[in-house]
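Encoded as structure tokens, the structure appears first; notes follow it.
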Protein chains: 2
Amino acid sequence: MATSLHAHVVEHLGSRIVSGQVPRGSILLAADLEQRLQVSRSVIREAIRVLAQCGLVTSTKRVGIRVMGAESWNPYDDHVIRWRLASDQKGTQLRSLTELRISVEPMAAELAAEVAPETMRKELMMISAQMSHYGRQGDLRRFLELDIRFHALVLAASGNEMFANLSTPIGAILRGRTELGLMPERPHEEALLWHQSVADAISNSDSASARKNMESIMRRTHNEICSLWEGQPRLFVDPAKDTK
Amino acid sequence: MATSLHAHVVEHLGSRIVSGQVPRGSILLAADLEQRLQVSRSVIREAIRVLAQCGLVTSTKRVGIRVMGAESWNPYDDHVIRWRLASDQKGTQLRSLTELRISVEPMAAELAAEVAPETMRKELMMISAQMSHYGRQGDLRRFLELDIRFHALVLAASGNEMFANLSTPIGAILRGRTELGLMPERPHEEALLWHQSVADAISNSDSASARKNMESIMRRTHNEICSLWEGQPRLFVDPAKDTK
DNA sequence: TTATTTTTATGCCTGCACAGATTGGTGTCA
DNA sequence: TGACACCAATCTGTGCAGGCATAAAAATAA
């Protein structure tokens, strides 16, 4: 996958920092990394640049490359999200993402009902019909893929690119949920109807109904997986960084 | 500010791409950029790496550095947000951010009432008291700074780092609103009371009231500035990128 | 159409000079 | 003696210049 060399280095260092194998406050030296990873300076430097962009490190002269703590990480960076999901902070990351989607998706549904282009409304209807079909049939694999497409499409149809951009990590949540066996044998009939109702409402420009039914989906989805992060610590980021 | 050379190049190229001066689909050549900007290859390469991370460009062998369209940009990247706010997409960016904060802040207030540490609850009370004071006095400058701190603190107190991370762009919205003269002579008494009520509710762990009052703030804030983006086009990102 | 060669821009490597921050020493003054 | 200001050594990232390797598009041949 990661074909280029520097992408490998980003992956290597990033995953180790996020997992805690390289603790916060550590000082890395570019020259060391060259030797340890057997790559040239240019590769190291480009990788460090990317990691600095993610907030994982800062590099200063005469001191080296300082590893930053989790408060500094960019929680919207796809790399960071992936690494966190693969670490023991998985619960915390899933909770944050879920709280975010619970907040956002009802609004996205409401907006979609107002502004979505016709093609997207039609596609939404098709997808929800197929979801009902495969859901009742108990084909969880196909249902999962349709579910992911459904939510991605609602987010995109809102015409808000910040919403649309959440489809990848939200897809990751949904995949994680079924992989961890948190999905029932076959989807609840209620859930199927709610999805159908969201699609109908968006199709009919009924924004209130779209929001309401999406809220129902969110409530149930939350109940189904909130057990995952029970007892996980929360991350309180002090907003004292204003004091430049 | 941007002390390092490569940061300058990032700034230069990034702002030009976002503003449309370098149109999507353009092909930049590293060798050209070296000459035009009078910097060395390593600087160009590191800058391109950062821009690629933002989704502004992709560089492929034998073809060059391709400038991507707005659908590919990372809408949560601080650079991208800043550049968009400085371009003629300002309206679109403000709308997206506002829709996002309308979705998120009520949930943040609700969570804060449940999980915020004691120090943050107290600070929130202090800030809201000062907001009332300077607000009634008509000191808009101080009120603005307090308002920014208030919302940043609620987001942080939610214990959700994805929420907390939105404080910077949300602060930018609030600043922009007063700069553009969209604020009344002095804050509405209602707004002051709502802020006070949010702080009280969080302090008393009354999550329902915290959400309700924050929703009121959001409703009013939306009405005050939604005129800014009237007629601005929406960005529909087709989620067909799943077809790897 | 299909296979092969050529072209060409990025990816990667290395040696060198510079800038700026930390550290420790030096000297001055109380 | 001890506190403090100043200066120099040193260390590490930053930037520069050039070279070779390689992959993918384009042109050519089969």
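Owing to the predicted nature of the structure, the values given are computational and were not obtained by experimental measurement. The basis for the numbers below is simple: all heavy atoms, side chains too, and nothing from hydrogens, waters or symmetry mates. In the text below, chain A, chain B and the rest are named by the order of the sequence lines, each starting its count at 1.
A/R66 comes within contact range of no nucleotide atom at all, as no heavy-atom separation falls under 4.0 Å. A/L28 comes within contact range of the sugar-phosphate backbone alone, with a heavy-atom separation under 4.0 Å but no base atom that close. As judged by a 4.0 angstrom heavy-atom cut-off over every strand, A/S42 is placed among the base-contacting residues. Contacts of A/L29 with the nucleic acid, taken as non-hydrogen atoms under 4.0 Å apart, involve only primed sugar atoms and P, OP1 or OP2.
Ion pairing between A/R175 and A/E145 holds under the 4.0 Å rule for side-chain N and carboxylate O. A salt bridge links A/E161 with B/R84; the closest basic N to acidic carboxylate O contact falls under 4.0 Å.
At a cut-off of 3.5 angstrom, the base of D/dG15 holds no donor-acceptor pair with the side chain of B/R41. If you check distances only, the side chain of A/R62 never reaches the base of D/dT12 with a donor-acceptor pair under 3.5 Å.
Rounded to whole Å, atom P of D/dA17 lies 14 Å from atom CZ of A/R45. Note: NE2 (A/H8) to P (C/dG11) measures 16 Å, nearest angstrom. The distance between atom CD1 of A/I48 and atom P of D/dG15, rounded to the nearest whole Å, is 15 Å. In this structure, the NZ atom of A/K61 is 12 Å from the C1' atom of C/dA17, given to the nearest Å. Distance NE2 (A/H6) to C1' (C/dC13): 16 Å, rounded to an integer number of Å. The distance between atom CD of A/E34 and atom P of D/dT12, rounded to the nearest whole Å, is 13 Å. Whole-Å rounding puts the B/L5 CG to C/dG20 C1' distance at 15 Å. Residue A/L51 contributes atom CG, which lies 16 Å from atom C1' of D/dG13 at whole-angstrom precision.
Dashed line: the shortest gap from a side-chain N or O of A/S40 to OP1 or OP2 of C/dC13 is under 4.0 Å. At C/dG11, one or more side-chain N or O atoms of B/S59 fall inside 4.0 Å of OP1 or OP2 (strictly under the cut-off).
Nearest heavy atoms, A/S59 versus A/R49: OG-NH1, 4.5 Å. Taking both residues in full, the closest heavy atoms of A/A108 and A/F163 are given as CB-CD1, 3.9 Å, listed atom of the first, atom of the second, then distance.
Classification of the A/F143-A/H195 ring pair by plane angle, with boundaries at 30° and 60°, yields perpendicular.
DNA chain C is contacted by both A/T60 and A/V39; A/V39 maps to the nucleotide lying nearer its 5′ end (nearest heavy atom per residue).
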